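In this text, all values refer to a predicted model and were calculated from it rather than measured experimentally. All residue numbers in this chain count up from 1 along the given sequence.
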Amino acid sequence: MKTISMLWLLALAAGALIPVQAAANAALSKSIGGNVPFAALTLFIVAVMATVVGTLLTGQQVPSVAALRSAPWWGYIGGLIVAFYVFTITFLAPRLGVGTAIALIVTGQVMAALTIDHFGLLRSLTFPLTPPRILGAALMT
C-alpha cells in the first residue's frame, strides 16, 4: 500500500508541474519576443541535458541498435507528441490563460486515456469503459 501511495504522490507532483511548465514556457517565449519555436528549442536543449544527467546517474547500459530497431514504429511518436505539446502550450498559455489551456488539455488527455484503456490500444492493458469510469472522468474534467 505504501508503494501505491508513493506512486500516487509522484503522479500528483508530475501533474502539478504541468501548469508550472506552461507558465514558464509562456514567460520564456514572451521574453524572447514571442518566438515559440526558439522557446521550444531552448526547452528541448535543457531537457536533453537533464536526460543525459539522469541517464548517467542511473548507470544503465545504452540499448543496442537491434533493441531500438525492435521497438514498434509508433513507439517513437512520443517525441513528436512532446514537441507538439510544448509548442501548443507555449502558444496557448499566454492567449487563453494557463488554467483554461491546461483544463482543455486535461480533458483531451482523459478522453484519449479512456479510449486507449477501453480498446487496449498501443499494447496497453484493457480496462472497459464502465459507468463509474465515465463518472470519474466527468468529475475530473
Determine, stepwise, if the pair Leu68 / Tyr76 fulfils side-chain contact (heavy atoms from CB on, under 4.5 Å). CA-CA 10 Å; Leu68 291 170; Tyr76 292 97; 3.6 Å; yes
For side-chain contact (heavy atoms from CB on, under 4.5 Å), just list the numbers for Thr115 and Leu121, CA-CA rounded to whole Å, side-chain angles, deciding distance to a tenth of an Å, and then say yes or no. CA-CA 8 Å; Thr115 302; Leu121 302 176; 4.2 Å; yes
Check step by step if side-chain contact (heavy atoms from CB on, under 4.5 Å) holds for Val36 and Phe87. CA-CA 6 Å; Val36 172; Phe87 274 97; 3.8 Å; yes
Pairs under 3.5 angstrom only: tabulate donor-acceptor contacts from the side chains of residues 23-31 to other protein residues two or more places apart or in another chain.
{"from": "Asn25", "atom 1": "ND2", "to": "Thr90", "atom 2": "OG1", "distance (Å)": "3.3"}
{"from": "Ser31", "atom 1": "OG", "to": "Ala27", "atom 2": "O", "distance (Å)": "3.4"}
{"from": "Ser31", "atom 1": "OG", "to": "Leu28", "atom 2": "O", "distance (Å)": "2.8"}

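Grouping the Ile, Leu, Val, Met, Phe, Trp and Tyr side chains by contacts below 4.5 angstrom, directly or via other members, places Ile116 apart from Tyr85. If you chain together hydrophobic residues whose side chains sit under 4.5 Å apart, Leu56 and Val48 fall into the same group. Val52 and Leu57 fall into different hydrophobic clusters, where Ile, Leu, Val, Met, Phe, Trp and Tyr side chains are chained together by heavy-atom contacts under 4.5 Å. Cluster annotation: Phe119 is connected to Ile77 through the hydrophobic network of ILVMFWY side chains, with a link wherever side-chain heavy atoms come within less than 4.5 Å. Under the 4.5 Å side-chain contact rule for hydrophobic residues, Leu96 and Ile102 do not share a cluster.
With sequence neighbours left out, Phe44 forms a side chain to side chain contact (heavy atoms under 4.5 Å, CB included) with Ala40, Val82, Ala83, Val86. By the side chain to side chain contact (heavy atoms under 4.5 Å, CB included) test, Val110 is found to be paired with Val106, Leu114, Ala137, Met140, Thr141, residues two or more places apart in sequence or in another chain being considered.
The CG atom of Leu43 lies 12.0 Å from the CD1 atom of Ile89; values are rounded to the nearest 0.5 Å.
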